[in-house]
*Asks:* 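Here it is: the structure, laid out below.
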Amino acid sequence: MPDRGESIYEQRLAKLTKLRQRGVEPYPHRYHRSHTTQDVVFLFQDLEKEGKTNPETVFQVAGRIAALRGMGKATFMDIRDGWGKIQAYCRADALGKEEYAAIKDLDLGDIVGIEGRAFRTHTGEITLEVSQATLLSKSLLPPPEKWHGLRDVEIRYRQRYLDLMANQEARQAFVTRSRILAAMRRFLDGRGFLEVETPILLPQAGGAMARPFQTYHNALDCQLYLRIATELHLKRLIVGGFERVYEIGRIFRNEGISTRHNPEFTSLESYQAYADYNDVMAIVEEMVCHLAKEVLGTATITFKEHQIDLTPPWRRITLRQAILEHCGIDFPAFPDAQSLREEMLRRGISVEEWKGRGKLVDELISTFVEPNMIQPTFVLDYPVELSPLAKRKPEEPHLVERFEGFMGGMEIANAFTELNDPLEQRERFREQLRQREMGDEETETLDEDFLTALEHGMPPTGGLGMGIDRLAMLFTGQPSIRDVILFPMLRQKE
RNA sequence: GGGCCGGUAGCUCAGCGGUAGAGCACCUGACUUUUAAUCAGGGUGUCCUGGGUUCGAUCCCCAGCCGGCUCACCA
């Protein structure tokens, strides 16, 4: 027996050594599992319904020992696998001295295979009476506490496997996230969209106003950037004749980290030829509602004490009206950066000098509009300065056909009728460069290759961007983005 | 980057200017249908790190590291 004073690790390491000395392999290569724990429960219930309360069927299940209750010459353990858990019951007289001693030597956290018949205990729990137990992987470190689970958020993020072992809610959030993605692909595939993959490493990062990560390619001896959006490449594919494309993928922005921001996050972007932003709006509300019904079984979600009803049609409000309602500024009345800045200052909103009119309006949106958008809302028609890739409204040329979708106080979608006039696009890029010269570090860069693509002719197109992480937050009720990203960005330890 | 809060046993946490505490986990013993099993016994520790104050610091002070929330920035 291990001496007191030895760490749990040392005790278990000693057990492992002893097992090897006895010729027992603590890390065997495979195990024949006949059923999952969930299968056993369902099958046993079916057998019971047929009146077979003591079935002969022998099951082999495998999983981690999640709880151990030793009773002397009997031992109970909970075996957890990817589908659920089942109780195992070991009796000394049924197993023989040696076999039972080996079971007594198992530890919490070990992965085992157990074989036996199912029965119900006096307290009614479906249980496997173990006729054979096989160690499949010795665990050297103890699992997190069984009752309180793992609370330490730092360990939950850094050692996510412990979080997944200990906290079923955490596990469920990631299952939900995965199901959202799967349902989203089915939805888009069913509407004739083609899923594509475009480059992550690029000579220049465009398609959004954000700071990129930089890296370097040795063989090509050139500076590269990680993409900040998939937009410009997807539109090249529209030019090429793929009329409905989408990409679900990771994009990277070299900006702050918060409960709503991770440096790498997952976006959906889709582009549909011969559609405009009204068509995209219809798809977004239909898709999000459909996803909720498919994944959660309901069109009403709960987020931060809010009940959010996703049933279409969603509320539509112009940006002008939204800003007017929430902060009293009628922004079209201030046609240039200086007058708008003065008006904002008059109302006690301080803003950086370098910000152009577009960025000032953006500030009003994020400060006053976004936090108040709880129920699903489309905010329409943005100033052209803020949207260099979107097409103007024919009747109001200082605005573009763009909308953002908000809910739960977060922006989840951004879409527009795509600008396909190559000459105007070039001019818009030039304006962005002027903003950059004014000190704005987050502007579009002029992408000559993209302009060439537009010069070959892009059909009228409706485009969409959606933040998958935020959608997952809403669907799982998690107020922090870190709880829907398996391995969120944290500072390196030491 | 700023502000606030936190870091004590494997986990969840309490505590205090004077040799470090509880529950779970772990170890020893009892127990053949238990299930947060129970009962008896055992504390297993770089009190985040480094300085300082002090007779004495886990506690007080300073600096740093890591995390959370928040503001700023963004999606």
Side-chain angles (χ1 to χ4, degrees), chain A residues 1-12 66-78 85-95 100 107-109 119-127 129 139-159 162 165-167 208-211 228-229 251-269 350-352 355 359 362-363 365-367 370 404-406 410-414 440-442 465-471 473 479-482 488 490-494:
Chain A
M1 275 302 123
D3 294 335
R4 283 174 305 179
E6 268 183 330
S7 70
I8 291 172
Y9 183 87
E10 286 163 337
Q11 289 166 18
R12 292 189 175 195
L68 264 175
R69 293 178 291 279
M71 309 263 306
K73 293 193 175 59
T75 296
F76 291 88
M77 47 180 91
D78 293 342
K85 67 167 192 175
I86 194 160
Q87 178 169 259
Y89 172 55
C90 313
R91 275 170 54 208
D93 57 4
L95 287 159
Y100 188 72
D107 290 306
L108 218 50
F119 72 106
R120 265 188 206 274
T121 62
H122 291 165
T123 47
E125 179 158 352
I126 297 170
T127 301
E129 170 150 16
S139 156
L140 298 178
L141 290 168
E145 205 244 11
K146 65 180 173 185
W147 189 242
H148 296 91
L150 182 67
R151 294 271 176 77
D152 185 321
V153 284
E154 190 171 349
I155 297 177
R156 287 187 49 225
Y157 298 151
R158 287 192 196 277
Q159 293 175 273
L162 295 178
M165 269 182 225
N167 302 322
M209 300 186 202
R211 275 174 225 184
I228 56 174
I251 58 184
F252 309 85
R253 298 192 181 175
N254 205 340
E255 285 154 2
I257 297 175
S258 79
T259 47
R260 287 183 294 279
H261 302 88
N262 195 61
E264 50 181 306
F265 62 104
T266 301
S267 79
L268 161 72
E269 282 194 38
S350 63
V351 286
E352 293 91 328
K355 284 193 174 175
K359 286 288 168 77
D362 198 28
E363 177 108 9
I365 298 169
S366 49
T367 309
E370 185 171 11
E404 291 189 302
F406 295 92
M410 291 190 293
E411 181 198 329
I412 60 143
N414 177 27
D440 188 346
E441 292 180 56
E442 291 166 1
M466 270 184 78
I468 301 302
D469 310 87
R470 290 185 177 177
L471 196 65
M473 289 166 68
S480 171
I481 200 169
R482 296 186 194 96
L490 297 180
R491 205 180 291 273
Q492 292 281 306
K493 270 278 206 210
E494 258 127 308

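By convention in this document, chain letters (A, B, ...) are assigned in the order of the sequence lines, proteins followed by strands, and residues within each chain are numbered from 1.
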*Asks:* Hey, what do you get for CD1 (A/Ile365) to CD (A/Glu370), rounding to the nearest 0.5 Å?
*Replies:* 9.0 Å
*Asks:* In Watson-Crick or G-U wobble terms, both distances under 3.5 Å, what is the partner of B/rU38?
*Replies:* B/rA30
*Asks:* Name every residue in residues 70-77 of chain A that has at least one heavy atom under 4.0 Å from any atom of RNA chain B, in order of residue number, or write none if there are no such residues.
*Replies:* A/Gly70, A/Met71, A/Gly72, A/Lys73, A/Ala74, A/Phe76
*Asks:* Hey, does the side chain of A/Glu145 reach the backbone of A/His148 with a donor-acceptor pair shorter than 3.5 angstrom?
*Replies:* yes
*Asks:* Can any side-chain N or O of A/Asp469 pair as donor or acceptor with the backbone N or O of A/Thr266 at less than 3.5 Å?
*Replies:* yes
*Asks:* For a quick check of understanding: with a heavy-atom distance under 4.0 Å over all strands, which category does A/Ile251 fall into, base, sugar-phosphate or nothing?
*Replies:* nothing
*Asks:* Please report the shortest heavy-atom distance between A/Tyr100 and A/Lys73, naming the atom on each side.
*Replies:* OH-C, 3.2 Å
*Asks:* To the nearest 0.5 Å, how far apart are CZ in A/Arg470 and CD1 in A/Ile481?
*Replies:* 6.5 Å
*Asks:* Under a 3.5 Å cut-off for both contacts, is B/rA20 paired Watson-Crick or G-U wobble with anything, and if yes, with which nucleotide?
*Replies:* none
*Asks:* Counting the atoms with a prime plus P, OP1 and OP2 as sugar-phosphate, which does A/Ile412 contact under 4.0 Å by heavy atoms, base, sugar-phosphate, or nothing?
*Replies:* nothing
*Asks:* With the side chain of A/Arg158 defined as its heavy atoms from C-beta on, choose the nearest nucleotide among B/rU34, B/rG67, B/rG23.
*Replies:* B/rG67
*Asks:* With sugar-phosphate meaning primed atoms plus P, OP1 and OP2, does A/Arg482 contact a base, only sugar-phosphate, or nothing at under 4.0 Å between heavy atoms?
*Replies:* sugar-phosphate
*Asks:* Would you classify A/Glu125 as touching base, sugar-phosphate or nothing, given that sugar-phosphate means primed atoms plus P, OP1 and OP2, and contacts are heavy atoms under 4.0 Å?
*Replies:* base
*Asks:* Could you work out which one of B/rC66, B/rA75, B/rA72 sits closest to the side chain of A/Glu255?
*Replies:* B/rA75
*Asks:* Any N or O donor-acceptor pair under 3.5 Å from the base of B/rU32 to the side chain of A/Arg91?
*Replies:* yes
*Asks:* When you match A/Thr259 and A/Asp107 each to their closest nucleotide on RNA chain B, which lands nearer the 5' end?
*Replies:* A/Asp107
*Asks:* Compare the minimum distances between each of B/rU33, B/rC73, B/rA25 and the side chain of A/Glu442, then state the nucleotide with the smallest one.
*Replies:* B/rC73
*Asks:* Say we look at B/rG6 and B/rG64: how far apart would their C1' atoms be, to the nearest angstrom?
*Replies:* 16 Å
*Asks:* With centres under 5.5 Å and planes under 30° as the test, does A/His122 stack with B/rU33?
*Replies:* yes
*Asks:* Within the structure, does a side-chain N or O atom of A/Arg69 lie under 4.0 Å from either OP1 or OP2 of B/rU34?
*Replies:* no
*Asks:* Looking for any heavy atom pair under 4.0 Å, which part of the strands does A/Asn254 touch: base, sugar-phosphate only, or nothing?
*Replies:* nothing
*Asks:* Does A/Arg260 reach a base, just sugar-phosphate, or nothing at all? Heavy atoms under 4.0 Å.
*Replies:* base
*Asks:* Consider the side chain of A/Glu145, meaning its heavy atoms from C-beta on, and name the nucleotide among B/rU34, B/rA75, B/rG10 that approaches it most closely.
*Replies:* B/rG10
*Asks:* If you check the A/Leu108 side chain, which of B/rA25, B/rA75, B/rG67 turns out closest?
*Replies:* B/rA25
*Asks:* Quantified in whole Å, what is the C1' atom distance between nucleotide B/rG43 and nucleotide B/rA25?
*Replies:* 13 Å
*Asks:* Output yes when a side-chain donor or acceptor of A/Asn262 lies under 3.5 Å from a complementary backbone atom of A/Arg482, and no otherwise.
*Replies:* no
*Asks:* Have a look at A/Leu141 and say if it touches a base, only the backbone sugar-phosphate, or nothing, with a 4.0 Å heavy-atom cut-off.
*Replies:* nothing
*Asks:* Mind checking salt bridge (charged side-chain N to carboxylate O under 4.0 Å, His left out) for A/Glu255 and listing every partner two or more places apart, or none if nothing turns up?
*Replies:* none
*Asks:* Scan every strand shown for a Watson-Crick or G-U wobble partner of B/rG1, both distances under 3.5 Å, and answer none if you come up empty.
*Replies:* B/rC71
*Asks:* For B/rA40 and B/rG52, measure between their P atoms and round to the nearest Å.
*Replies:* 48 Å
*Asks:* By the 4.0 Å heavy-atom rule, please label A/Lys355 as base, sugar-phosphate, or nothing.
*Replies:* sugar-phosphate
*Asks:* Between A/Ile481 and A/Asp93, which residue's closest nucleotide on RNA chain B lies nearer the 5′ terminus?
*Replies:* A/Asp93
*Asks:* In terms of side-chain heavy atoms of A/Tyr89, which of B/rA75, B/rU12, B/rU33 is nearest?
*Replies:* B/rU33
*Asks:* I'd like the C1' distance from B/rA14 over to B/rA9, given in whole Å.
*Replies:* 13 Å
*Asks:* Which base sits across from B/rU44 as a Watson-Crick or G-U pair, both distances under 3.5 Å?
*Replies:* B/rA25
*Asks:* Looking only at side-chain atoms of A/Arg491, point me to the closest of B/rA75, B/rA36, B/rC66.
*Replies:* B/rC66
*Asks:* What's the gap between B/rC27 and B/rG67 when it is taken at their P atoms, as a whole Å value?
*Replies:* 34 Å
*Asks:* Pick base, sugar-phosphate or nothing for A/Phe119, based on heavy-atom distances below 4.0 Å to the nucleic acid.
*Replies:* base
*Asks:* Taking only the side-chain nitrogens and oxygens of A/Lys146, find out if one of them lies under 4.0 Å from OP1 or OP2 of B/rA25.
*Replies:* yes
*Asks:* Working to the nearest 0.5 Å, report the span between CD of A/Gln87 and CZ of A/Arg120.
*Replies:* 12.0 Å
*Asks:* If you measure from CD1 on A/Ile228 to CZ on A/Arg211, what distance do you get to the nearest 0.5 Å?
*Replies:* 11.5 Å
*Asks:* On a whole-Å scale, what distance lies between the P atoms belonging to B/rU58 and B/rG50?
*Replies:* 11 Å
*Asks:* Is there a donor-acceptor pair under 3.5 Å between the side chain of A/Arg12 and the backbone N or O of A/Ser139?
*Replies:* yes
*Asks:* Strictly by Watson-Crick or wobble contacts shorter than 3.5 Å, is anything paired with B/rU49, and which nucleotide is it?
*Replies:* B/rA63
*Asks:* Taking OP1 and OP2 of B/rC69, is either one under 4.0 Å from a side-chain nitrogen or oxygen of A/Ser480?
*Replies:* yes
*Asks:* Quick one: closest heavy-atom pair of A/Ala94 and A/Glu129, and the distance?
*Replies:* CB-OE2, 4.0 Å
*Asks:* Is the shortest side-chain N/O distance from A/Arg151 to OP1 or OP2 of B/rC13 below 4.0 Å?
*Replies:* yes
*Asks:* Partner of B/rA57 by Watson-Crick or G-U wobble geometry, both contacts under 3.5 Å, or none?
*Replies:* none
*Asks:* I'd like the P distance from B/rC11 over to B/rU49, given in whole Å.
*Replies:* 15 Å
*Asks:* Expressed in whole Å, how much space separates the P atoms belonging to B/rC59 and B/rC47?
*Replies:* 10 Å
*Asks:* Would you indicate what A/Glu363 reaches in the nucleic acid, counting non-hydrogen atoms under 4.0 angstrom: base, sugar-phosphate, or nothing?
*Replies:* sugar-phosphate
